[in-house]
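Structure first, then comments.
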Amino acid sequence: MSKTVAGFSKLSKSEKIDWIVNTYFSSPNNAKHILKQYWNNDEKLQQLHDEFIENTITNYYLPLGVAPNFLINEKLYTIPMAIEESSVVAAASKAAKFWLDRGGFKTTVVSTTKIGQVHFMFHGNFDTLKNYFNTIKPKLVNEAKPITKNMELRGGGILDIELRNKTEEIEGYYQLHASFETLDAMGANFINSCLEQFAKTFKDEALTFNGFSEKEKNIEIVMSILSNYVPNCLVRAEVSCHVDALSQQNGVSSEAYAKKFVQAVNIAEVEPYRAVTHNKGIMNGIDAVILATGNDFRAVEAGVHAYASKNGKYSSLSHAKIENGIFTFWLKIPLALGTVGGLTGLHPLVKLALELLDKPSAKELMQIVAVAGLAQNFAALNSLTTTGIQQGHMKMHLMNILNQFEANDNEKAKLTEYFKTHTVTHSAVVESLAKLRQ
Ligand code: MEV
């Protein structure tokens with residue numbers, strides 16, 4: 001059967017499934033059964049999910065877990081996390097509990113500005129272009145009013161538009177570099193609509209601008225798009241306590257523990273190989289909350305990693321110090337998030353997750369997400385610098401291995417008990433299960 005298809009998007013859902021299972025699977029009925037197992041019985045709910053994207057054939061489940069006991073600026077939260085990695089929620093919960101007894105997390109939103117750019121080509125005199133830009137700037141803002149009106153009523157909107165000369169990098173390349181305040185919306189649609197309007201006004205008005213030569217009148221718009229690099233949409237999260245209050249960890253004095261922890265962070269600050277893994281651990285917490293709250297984790301990932309390289313070398317997003325006997329551990333990250341618009345009003349589980357967080361503003365969500373990242377990083381470094389990561393990881397992985405071998409409830413209970421005092425390895429679990437089954 002041919003593996004190409006014409007007009008696929010126009011087929012019905014069941015026709016699409018038929019084509020897929022018959023084209024790609026040795027057992028089409030089994031494949032169809034698996035796909036249908038994940039459909040929701042509630043047809044309206046299923047349709048809602050079908051319509052999020054094109055060519056939907058089924059739903060892809062991720063577990064939604066919760067990590068309780070997060071004290072953030074004196075308020076208690078239970079944080080929802082959607083993630084497949086076994087140890088993440090347990091680690092977050094453990095870190096939350098640890099810091100609950102030591103004053104909790106302190107956070108501040110440093111800034112909330114978002115950026116968008118119109119990229120264009122102009123072949124002519126820069127001073128004349130500058131003159132045109134300054135003349136037309138009020139009109140750029142004015143003609144975008146139908147888009148910005150409501151946002152302005154709520155206190156947001158366009159903050160500024162600058163003309164940027166990029167001709168040293170590419171001949172004839174300039175930008176309208178615009179900044180925005182989008183309040184509780186992530187703002188992608190708002191920003192992109194504004195930019196496309198700027199581009200239209202900017203191109204159209206050039207045709208009748210007296211200062212331009214015939215050649216200069218032809219401004220070529222290349223594209224208009226928001227930037228996911230948001231170094232001025234920043235949040236900071238911190239934990240701190242007296243070194244003594246860290247208490248003895250796994251037989252190591254609190255001073256030695258704190259010192260080693262700081263060393264581990266210092267290594268991630270200077271060594272990119274380590275920094276990437278260190279930051280991946282931070283993103284374990286961040287992405288899980290971003291997903292649970294219906295935000296765009298790809299945008300956040302791209303922006304965060306760009307920020308981690310802002311000094312020309314990829315480095316740690318978190319930092320730690322011991323000063324006058326006080327241990328402080330903190331991170332500062334860019335996060336462009338929304339608590340209105342997008343999936344937030346559509347996906348029932350996203351709505352539930354936001355309600356669990358007491359319907360946060362975007363600023364509050366930035367703080368909660370940053371804390372989830374810091375907590376995750378704390379838990380990872382705590383394990384790495386004491387017992388090693390595998391002890392906890394393999395304990396959590398035990399259930400995955402047992403499920404892989406289709407262990408029943410009785411086998412699971414017995415082996416979970418047994419591995420409380422024995423080292424989990426893949427082969428040890430397989431052997432124990434085999435013995436149990438003999
Ligand atoms: C695993 O998902 C994350 C860690 O590798 C993070 C780290 O090394 O800091 C444990």
Side-chain angles (χ1 to χ4, degrees), residues 62-67 70 79-99 105 237-239 246 249-250 252 256-292 297-298 300-302 304-305 307-309 313-322 327-333 335 369-401 403-404 423-426:
L62 277 182
L64 177 71
V66 292
F70 272 96
I79 299 187
M81 305 178 93
I83 188 152
E84 87 299 345
E85 192 173 326
S86 339
S87 54
V88 169
V89 177
S93 306
K94 201 171 153 200
K97 187 73 179 56
F98 183 87
W99 286 105
F105 295 79
E238 177 186 301
V239 284
L246 288 169
Q249 304 282 335
N250 298 292
V252 182
Y257 170 79
K259 212 170 143 207
K260 200 167 170 195
F261 192 102
V262 173
Q263 280 168 343
V265 177
N266 290 158
I267 289 169
E269 285 167 335
V270 301
E271 166 54 51
Y273 278 99
R274 172 57 200 150
V276 171
T277 320
H278 177 97
N279 290 346
K280 187 275 184 188
I282 294 174
M283 298 316 287
N284 277 343
I286 290 182
D287 283 338
V289 188
I290 300 271
L291 264 172
F297 64 92
R298 289 83 57 208
V300 168
E301 282 278 346
V304 162
H305 295 298
Y307 189 75
S309 319
K313 180 173 157 186
Y314 192 90
S315 177
S316 169
L317 293 160
S318 64
H319 308 280
K321 64 179 180 186
I322 303 165
F327 168 81
T328 310
F329 178 47
W330 73 99
L331 66 71
K332 207 154 79 174
I333 45 163
L335 285 174
V369 169
V371 163
L374 188 68
Q376 209 63 43
N377 194 208
F378 178 79
L381 292 171
N382 178 58
S383 300
L384 286 168
T385 57
T386 56
T387 57
I389 205 75
Q390 281 312 85
Q391 193 185 85
H393 263 201
M394 290 310 288
K395 279 251 152 71
M396 295 305 299
H397 195 48
L398 171 63
M399 199 49 69
N400 286 347
I401 305 172
N403 281 332
Q404 195 186 338
T423 306
V424 180
T425 65
H426 194 274

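A quick note: this is a predicted structure, and the numbers were derived from the prediction, not measured. Read the numbers this way: they start at 1 and go in the same order the structure lists the ligands and their atoms.
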Any chance you could lay out the side-chain contact (heavy atoms from CB on, under 4.5 Å) test for S86 and M399, step after step, and finish with the verdict? CA-CA 9 Å; S86 339; M399 199 49 69; over 6 Å; no

At under 4.0 Å between heavy atoms, what of V88 touches ligand 1? The answer is neither

Looking only at protein heavy atoms, which one is nearest to atom 9 (O) of ligand 1, and how far off is it? R274 NH2, 2.8 Å

Under 3.5 Å between any N/O of K280 and any N/O of ligand 1: does that happen in this structure? yes

Protein contact of atom 10 (C) of ligand 1 - nearest heavy atom, named by residue and atom, plus distance: I389 CD1, 3.7 Å

Audit row: V369, I290, side-chain contact (heavy atoms from CB on, under 4.5 Å) steps and yes/no: CA-CA 7 Å; V369 169; I290 300 271; 4.0 Å; yes

Taking 4.0 Å as the limit for heavy-atom contacts, which would you say applies to N284 with ligand 1: side chain only, backbone only, both, or neither? side chain

Looking only at heavy atoms of Q376, does any of them come nearer than 4.0 Å to an atom of ligand 1? no

Nearest non-hydrogen protein atom to atom 5 (O) of ligand 1, with distance, is T277 CG2, 3.5 Å

For T328, is there any backbone N or O sitting under 3.5 Å from a side-chain donor or acceptor partner on K321? no

Between F329 and F261, how do the two ring planes meet: parallel, tilted or perpendicular, split at 30° and 60°? perpendicular

With a cut-off of 4.0 Å, which atoms of ligand 1 are near a heavy atom of L384? 7 (C), 8 (O), 9 (O)

Using every non-hydrogen atom in the two residues, find where L317 and L331 come nearest and quote the distance to one decimal. O-CB, 3.4 Å

Shortest protein heavy-atom distance from atom 1 (C) of ligand 1, along with the residue and atom involved: E85 OE2, 3.5 Å

Return yes if some donor-acceptor pair links the side-chain N/O of E85 with the main-chain N/O of S87 below 3.5 Å, else return no. no

With a 6.0 Å cut-off on the ring centroids, do W99 and F378 count as close? yes

